[in-house]
Number of protein chains: 2
Amino acid sequence: MDGESDSNNDRKLPSTARSLPIALIRAREKVMGPIREMLSNSGLTEQQWRILRVLDELGPLDSTKLSENASLLLPSQTRIVQTLVEKGLVTRQADPSDRRRQTVAITSSGQQIILDNLDEAQRIAAHIETVLGKETVDRLLDILEEFDRL
Amino acid sequence: MDGESDSNNDRKLPSTARSLPIALIRAREKVMGPIREMLSNSGLTEQQWRILRVLDELGPLDSTKLSENASLLLPSQTRIVQTLVEKGLVTRQADPSDRRRQTVAITSSGQQIILDNLDEAQRIAAHIETVLGKETVDRLLDILEEFDRL
DNA sequence: TTTTATTATTTAAGATGTTAAATAAATGGA
DNA sequence: TCCATTTATTTAACATCTTAAATAATAAAA
């Protein structure tokens with residue numbers, strides 16, 4: 001076996017250590033670790049929390065807009081909303097003017113869960129800014145927003 | 001209902017539009033779109049591709065080191081490696097010196113699949129650098145690496 | 001108005017993610 | 001040696017992701 005393949009002349013992919021998909025997944029894992037720990041106390045998954053946060057911030061939304069803001073695919077969201085309805089944390093009803101549309105809204109119980117986790121969520125966010133620096137985090141968010149142009 | 005809640009005095013979370021977890025997921029979706037399209041022609045998933053790439057780059061690895069480099073949890077990886085073994089793209093055998101360890105290696109068929117997709121994968125990576133700029137991508141990777149310090 | 005196309009959402013099926021428990025082999029004393 | 005621990009991996013159970021197909025309601029066209 002010779003050192004380098006001869007048919008593969010410099011046609012190499014970036015090393016997996018500098019691979020964008022892998023790097024993004026790793027960073028997400030790191031960020032989500034403490035958040036998942038926090039949410040397990042409320043019996044919520046990360047995705048359920050995202051839906052509650054978006055509805056609390058933007059008010060009632062139809063399924064499509066909710067999925068865009070929570071970054072969930074509709075098939076996943078359908079099931080997640082069903083479990084949140086069963087838990088009494090959101091409501092879902094057909095839009096009277098277009099009965100294809102389902103309007104989802106957070107309940108007061110759902111808002112209470114957000115309040116219950118507010119302090120801890122802020123602590124986690126503050127910790128990230130302390131370690132990485134606020135400027136770095138802002139720069140990161142700016143760069144990530146640019147991915148919409150792909 | 002008054003405009004602002006009075007019990008919630010400035011104790012707000014960052015807007016979901018500037019939420020790190022959501023921003024990281026969205027960016028990952030954007031990056032993975034074209035890669036998934038490419039891989040579907042080879043009948044591979046994103047995770048199967050990651051395993052092949054890591055093994056091709058680093059050589060045979062035990063399960064734990066493979067999972068670290070491919071950013072997969074061991075239970076997921078166990079299933080994925082099983083399907084890759086069935087496809088003949090990797091082999092798996094117990095380490096003679098410690099039979100708890102499973103050594104996974106890429107086969108020549110697996111390496112051929114990487115070669116088959118090399119051009120397209122490079123085109124996709126080049127497109128990202130064209131749109132965002134190489135410096136921005138490098139800066140992003142640097143920032144993401146810092147997340148290990150969390 | 002009846003058909004056809006489009007839009008919004010759900011269902012279905014197979015793969016992966018996540019956490020906890022189980023298995024199996026190696027290690028470290030009594 | 002025997003037994004308790006530790007380590008590496010797998011299994012199990014349930015949630016989510018992804019793609020494609022199915023439903024159901026609206027809109028557009030003939």
Side-chain angles (χ1 to χ4, degrees), chain A residues 21-22 24-26 28-51 60-68 70-87 90 92-104, chain B residues 21-22 24-26 28-51 61-68 70-87 89-90 92-104:
Chain A
I22 293 180
L24 289 167
I25 290 171
R26 286 211 180 109
R28 177 174 173 271
E29 285 172 8
K30 281 286 182 180
V31 174
M32 289 313 305
I35 297 178
R36 283 213 194 87
E37 194 174 357
M38 169 188 85
L39 294 177
S40 69
N41 298 326
S42 302
L44 289 183
T45 66
E46 166 199 347
Q47 292 82 357
Q48 293 167 352
W49 172 251
R50 281 219 300 275
I51 287 179
L61 294 175
D62 62 72
S63 292
T64 298
K65 284 176 189 161
L66 177 57
S67 76
E68 288 167 0
S71 272
L72 291 170
L73 293 179
L74 278 168
S76 299
Q77 182 178 285
T78 295
R79 284 179 306 243
I80 299 167
V81 167
Q82 281 168 352
T83 73
L84 288 175
V85 168
E86 291 166 8
K87 292 183 178 193
V90 307
R92 180 187 51 177
Q93 52 183 352
D95 182 328
S97 72
D98 182 345
R99 284 175 304 178
R100 292 172 302 183
R101 284 198 163 78
Q102 298 289 323
T103 302
V104 185
Chain B
I22 293 181
L24 288 167
I25 290 171
R26 287 210 180 110
R28 177 175 173 273
E29 285 172 8
K30 282 286 182 180
V31 174
M32 289 313 304
I35 297 178
R36 283 212 194 88
E37 195 174 355
M38 170 188 86
L39 294 177
S40 68
N41 298 325
S42 301
L44 289 183
T45 66
E46 164 198 348
Q47 291 82 358
Q48 293 167 353
W49 172 251
R50 280 219 299 275
I51 287 179
L61 294 175
D62 62 72
S63 292
T64 298
K65 284 175 189 160
L66 177 57
S67 75
E68 288 167 0
S71 271
L72 292 171
L73 294 179
L74 278 168
S76 298
Q77 181 177 286
T78 295
R79 285 179 307 232
I80 298 167
V81 167
Q82 281 169 351
T83 74
L84 288 175
V85 168
E86 291 166 7
K87 292 184 178 193
L89 305 181
V90 307
R92 180 187 51 178
Q93 54 182 352
D95 182 328
S97 71
D98 183 345
R99 284 175 305 178
R100 293 172 302 182
R101 285 198 162 79
Q102 299 289 324
T103 302
V104 185

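A note on names: the letters A, B, ... follow the listed sequences, proteins ahead of strands, and every chain is numbered from 1.
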Can you see if the side chain of [X] gets near the phosphate of [N] - specifically, an N or O under 4.0 Å from OP1 or OP2?
X: R92(B); N: dT10(D); value: yes
X: T45(A); N: dT16(D); value: yes
X: S76(A); N: dT16(D); value: no

5' priority, DNA chain D, between R28(A) and T103(B) [closest heavy atom]: T103(B)
Nearest-nucleotide comparison on DNA chain D, the residue closer to the 5′ end among P96(A) and L72(A): L72(A)
Rounded to whole angstroms, how far apart are [atom1] on [X] and [atom2] on [N]?
X: R36(A); N: dA15(D); atom1: CZ; atom2: P; result: 15 Å
X: R99(B); N: dA24(C); atom1: CZ; atom2: C1'; result: 10 Å
X: I51(B); N: dT16(C); atom1: CD1; atom2: C1'; result: 11 Å
X: E37(B); N: dT18(D); atom1: CD; atom2: P; result: 15 Å
X: L73(A); N: dA15(C); atom1: CG; atom2: P; result: 18 Å
X: Q102(B); N: dT23(C); atom1: CD; atom2: P; result: 17 Å
X: I80(B); N: dT16(C); atom1: CD1; atom2: C1'; result: 6 Å
X: D95(A); N: dT10(C); atom1: CG; atom2: C1'; result: 17 Å

Answer yes or no: side-chain N or O of R100(B) and base N or O of dT9(D) forming a donor-acceptor pair under 3.5 Å. no
Mark yes or no for a side-chain to base donor-acceptor pair under 3.5 Å between R79(B) and dG17(C), with no hydrogen or angle criteria applied. yes
Nucleotide of dG17(C), dT9(D), dA12(D) approaching Q47(B) most closely (side-chain heavy atoms): dG17(C)
Taking all non-hydrogen atoms of both residues into account, name the closest pair between I51(A) and L66(A) and its distance. CG2-CD2, 4.2 Å
Using every non-hydrogen atom in the two residues, find where Q48(A) and T83(A) come nearest and quote the distance to one decimal. NE2-OG1, 3.3 Å
List the steps and the verdict of side-chain contact (heavy atoms from CB on, under 4.5 Å) for Q77(A) and Q47(A). CA-CA 9 Å; Q77(A) 182 178 285; Q47(A) 292 82 357; over 6 Å; no
Contacts of Q48(B) and S97(B) projected onto DNA chain C by closest heavy atom; the upstream (5') one is Q48(B)
When the nearest nucleotide of DNA chain C is assigned to L74(B) and to Q77(A) on a heavy-atom basis, which residue is associated with the more 5' position? Q77(A)
Polar side-chain atom of E46(B) near backbone of I35(B) as donor-acceptor pair, under 3.5 Å: no
Q82(B) near the nucleic acid: base, sugar-phosphate alone, or nothing, with a heavy-atom cut-off under 4.0 Å? sugar-phosphate
D95(A) CG to D62(A) CG distance, which is reported to the nearest 0.5 Å: 8.0 Å
